[in-house]
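Worksheet: one structure, shown below.
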There are 2 protein chains.
Amino acid sequence: MAETQKIDLLAPALRRSQDAGNPCAACSVREMSICGVLNDVEIKELTAIITNLTQDPHDTIIDEGEAADYLFNVTSGAVKLYKLLPDGRRQITGFLFQGDFLGIAMNDIYAYSAEAVTRVTLCRFPRRKLEALLDRFPQLESRLLRMASNELVQAQDQMLLLGRKTAKEKVCSFLLSLYRRRTLHEGRNAAVPVPMSRADIGDYLGLTTETVSRTFTALKATGTIRLREGGRVEIPDVEQLQELAEGG
Amino acid sequence: MAETQKIDLLAPALRRSQDAGNPCAACSVREMSICGVLNDVEIKELTAIITNLTQDPHDTIIDEGEAADYLFNVTSGAVKLYKLLPDGRRQITGFLFQGDFLGIAMNDIYAYSAEAVTRVTLCRFPRRKLEALLDRFPQLESRLLRMASNELVQAQDQMLLLGRKTAKEKVCSFLLSLYRRRTLHEGRNAAVPVPMSRADIGDYLGLTTETVSRTFTALKATGTIRLREGGRVEIPDVEQLQELAEGG
DNA sequence: CGGGATCTTGAGGATGCTCAACGCTAGTGG
DNA sequence: CCACTAGCGTTGAGCATCCTCAAGATCCCG
């Protein structure tokens, strides 16, 4: 069993080919998500409780304040998480992509709403059943704790950004995080896809649409970035962007 | 030697009460913290790995970027967590009080620095040893996950504050959270202690010292708050403060 | 090809910042 | 016992960044 795990961890590409009867066994994001700590036998139990969903752009996935009955795994596409003030002001607290887990931050009720940015595919876990599995598979709980810990680290960074960075630094930090996110999993070095709107970026960075747009224009003018078709952004000099992101 | 440390470990008020051989059994914040899920036998194992510390105001507890070798429990006093930009700009990401846990947000290295605001007493856990205990006491891991989950919820709220609230709303939200924090554990309804400086409050809310001071003055002028001796703040009408905190 | 949504650009203005001075309090040492 | 100093808090004046409001440009999908 430990042997099986090692093989799974080391050879995700191979694993995909076999076991067509178990969707999770073939899941392309299994290693990135909580499922990566389970072996094939355990995965079958997980498979038994999940539902696969597809959502179109602007579809709501969860609503802040509702009972947190489900958790999700993003298997493809992009999701935005946000909170609203009574008068409609919005703060996007994060974007989720392939492999990200949705729903750790809750206290019986969801702490934020979630909406599809692009077309999205999701695994849905009923929370009660997942919690039952956590009791039986402690490594699943460890994994969740580690993910929550990482999310907290990211949240700290975002607070620093929101509270203390200038508009230019915010936009550069944002592009840098998209860039790193991308190159972490895929080695590619081409233009970074930026699937979300200027308004979404603004609500994520604590800026207005107009300021985001102006900042993009300014970064383009200085050659820091180049805008490509399909909303992709090319970054000629990542180190320069890094400098700009921290006020260098 | 170890015995001396253990005695230090005790919450001061309870130091002379029962079970002097097991400081945690008498700890006044036990139920509020991770230790609350362990029975007396299990607590003894926890006791064996902890060290008690006292820190004076401005003493550093952990440094961002250092190896995360220890986790802490705050048993009394107040602690601030913060991150710095290269040019010295500072964002305080949170304040910790009695019963709060310090160190969940890390990824082998600390994600932020921590410094004593008032005189503080702490339980220190070596991380490796705590993790070994987690394997043996799954309910401890569950508890940590739940705490991390709650911390994430708070982090989302703070992002909304930093990104989208006005100075007045920020200060009111801050006072409200101090008020709630206080009345949650102690039923008292008197003036709320505000032990941190205006500069700290500013760095927590993404404002300058001057703006915080001006906002306090304005709130005082409208009768929303009253400043009492010892940095305490009296809140005559909590509902009004709540309204102001959300832009009502 | 049309039309709604998104993005960009411009002009003016407000919120909160910078810089500066002053007051208050507490601790210190003559 | 009190002047002195250092740290913190308050207040003021001017200003910069980013927001608001508005209009035009571009994109995308039917």
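Lettering follows sequence order; numbering is per chain, from 1.
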Shorter than 3.5 Å, N or O on both sides, protein versus nucleotides 7-10 of chain C: list them out with atom names.
unit_1, atom_1, unit_2, atom_2, d
C/dC7, OP2, A/Arg198, N, 3.0
C/dT8, OP2, A/Arg198, NE, 2.8
C/dT8, OP2, A/Ser213, OG, 2.7
C/dT8, O5', A/Ser213, OG, 3.0
C/dT9, OP2, A/Thr217, OG1, 2.6
C/dG10, N7, A/Arg214, NH1, 2.7
C/dG10, O6, A/Arg214, NH2, 3.1

The side-chain contact (heavy atoms from CB on, under 4.5 Å) partner of A/Thr224 among A/Leu244, A/Val233, A/Leu175 is A/Leu244
Rounded to the nearest 0.5 angstrom, the CZ-CD distance for A/Arg228 and A/Glu234 is 4.0 Å
Next item on the list: Give one of base, sugar-phosphate or nothing for B/Gly202, where a contact means two heavy atoms less than 4.0 Å apart.
Entry: nothing
Review point. Ignoring hydrogens and geometry, is there a side-chain-to-backbone donor-acceptor pair from A/Ser173 to A/Ala245 under 3.5 Å?
Key: yes
Just checking A/Gly230: base, sugar-phosphate only, or nothing, at a heavy-atom cut-off of under 4.0 Å? nothing
* Asked: Does the side chain of B/Phe101 reach to within under 4.5 Å of the side chain of B/Leu96, using non-hydrogen atoms?
  -> no
A/Val194 side chain reached by A/Ile201 side chain, heavy atoms, under 4.5 Å
yes
| Taking C-beta and beyond as the side chain, do B/Tyr70 and B/Pro126 meet within less than 4.5 Å on heavy atoms? | yes
Heavy-atom distance under 4.5 Å between the side chains of A/Tyr179 and A/Leu241, does that happen here?
no
To the nearest angstrom, the NZ-P distance between B/Lys165 and C/dG16 comes to 13 Å
5'-most to 3'-most nt of DNA chain D touching chain B (<4.0 Å, heavy-atom partner on protein side) reads D/dG9 to D/dA13
Validate the cation-pi geometry between A/Arg181 and A/Phe97: distance from NZ or CZ to the six-membered ring centre under 6.0 Å, angle to the ring axis within 45°. no
